[in-house]
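When reading the values below, keep in mind they use all heavy atoms of this one structure, side chains included, and skip hydrogens, waters and symmetry mates. In this chain, residues are counted from 1 in sequence order. When a ligand or atom number is given, it counts from 1 through the structure's own listing order.
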Amino acid sequence: MESCESLGIEPILNEKDRPAPRCPHGPTLLFEKVCEGGSKGRRFYACSACRDRKDCNFFQWEDEKVSEARQLAREEENKAKLPAFTHKQYCARLKKFVDLPLQEKKFCAECQLLLLPGEQAAHSSHRLTEVTSAQLRRPSVLLRPLENKKSNAQYLFADRSAHFLLQTLVQLGFKKVLCVGTPRLHELIKLRNLEKKDTPMQSLLLDIDFRFAQFYSQGEFCHYNMFNHHFFGGEVSRLILQSFLSESDGDKVVMVADPPFGGLVKPLAHSFSLISQAWKTQQSSDGGVTEMPMIWIFPYFFEPRIVECLPSFRMLDYQVDYDNHPLYKHGKTGRKQSPVRLFTNICPRDLVLPKEEGYRFCSVCERYVWSLNKHCPKCNVCPSKDGREWKHCSVCEKCVKPSWKHCGACGRCCLPDHSCGSSAGQGCFNCGSLKHKRKVCPHKDTQRTSKNWTKTKTGNKIGPVLKAKAKRKSGAARRAKKAAALSS
Ligand code: SAH
Ligand code: ZN
Ligand code: ZN
Ligand code: ZN
Ligand code: ZN
């Protein structure tokens, strides 16, 4: 395994002849180490959802023989990791809970559990809070956001972004919203229905966080892993999704996904394609439409990867803000730029970005752009990706970041303080190699790697196995590095 200079780990998605072994997060993914020169390393299975071995340490070589004893132990382990209650049980509990008098409606902050009478004694040393019916309708506020930086951090939309999304979907005439990893949007849709001012919208939440099963019926929430399109609830959940995707009453469906940013693009794109395919089977064949409308929320620097996997997707300039993200939320004074964008196969012309927040329509590009994103007549696009005003370099014949200067020695634009020929900004933006540029990268189809990510300053992308080897930086150092990367 150590025989080659590793460039990264690539998930293999099209080898379906053998069923993958399962970890507590459903079927594992097959990975392959890609080496300098394009040679391939030994393949292995690892958890689809967790990029930290601390969270899920499943590992198996593709050609490994697994003894029956180990197989059984594994199944035991998978069973042991199942939630305390089934979704049905949670629904029955909720029914009882809503009928309790207010002073008996208790939520255990430690266990993140709505308690029924008689259960409080077992939680006597825990912090219990009273739950009003208003709070019961806002699980994303009541529940503590998951904080696992690698796999499962929950970054909740700030009000302005949540309302922008909802308003946009309403204006586009969607009647059903498939919320994949967007619990706050799901919640807002249900709240809007309660107000009964407009025609109601249906919403189905797919999320790996099973705590939501305490608040929603089986028709409103499915326990789901978006990295392997796995329904923990099995066939029942699959059918719930299938019927949600039908537009029999002319109710248009849209998907809005906000995956964890450390996630692998390829498996996500694969799952979203499977959702789109399921949608397609529900369509009458008369319309020319072939793809389910989708919005995928992700940082702008993933644009090449996303567009490569889903060619019909375009990145919009809209900057998504979060409540609890240390870097991406607005400061009290002035606006902090968020690197998070919407990627969508909906026509950009139809996605009206709010003028009062500084967006305008570019009639040449036929899309809404950020105020500082000025149209370049030479490139004939609004070129900025990161929200700053880019400038045209006549030697490179393209627009570049404002902080870059053209370097004669390197023959390209770079940060002024780079060391010629060896800077981190040099080399291949796809695989991190210093020996070639992205255009001629032999691994164009491979995932960016942990190595490359730390090199390219974003520092949060760790492969499932490489992670163990990766040097850990302190949280503060990482955050500082990230901040620097966003503004350089
Ligand atoms: N901005 C969103 C939350 C995004 S945080 C909002 O405000 O609604 C990412 C979400 O994806 C979380 O809800 C998390 O529980 C979920 N998630 C993380 N990993 C997942 C996986 N493998 N499969 C499905 N959902 C996942
Ligand atoms: Zn796992
Ligand atoms: Zn230009
Ligand atoms: Zn240049
Ligand atoms: Zn140089």
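Salt-bridge formation is detected for the pair R305/E308: a Lys NZ or Arg NE/NH1/NH2 atom is positioned less than 4.0 Å from an Asp or Glu carboxylate oxygen. A salt bridge is defined here as a Lys NZ or Arg NE, NH1 or NH2 lying under 4.0 Å from an Asp or Glu carboxylate O, and R184 with D323 meets this definition. Remark: R341 does not engage D317 in a salt bridge, criterion side-chain N to carboxylate O under 4.0 Å. Using a 4.0 Å cut-off between a side-chain N of Lys or Arg and a carboxylate O of Asp or Glu, K378 and E397 do not qualify as a salt bridge. Here K385 pairs with E303 in a salt bridge; the nearest charged N to carboxylate O distance falls below 4.0 Å. Using a 4.0 Å cut-off between charged side-chain N and carboxylate O, K190 and E220 make a salt bridge.
A side-chain donor from one of E247 and W279 sits under 3.5 Å from a side-chain acceptor of the other.
The Zn ion (ligand 4) lies at the vertex of an angle of 120° between the SG atom of C413 and the SG atom of C396 (rounded to 10°).
The Zn ion (ligand 5) lies under 2.8 Å from an N, O or S atom belonging to C407.
Protein contacts to the Zn ion (ligand 3) involving N, O or S atoms at a distance below 2.8 Å are C376 SG, C379 SG, H392 ND1, C399 SG.
The name of the N, O or S atom in H406 nearest to the Zn ion (ligand 4) is ND1.
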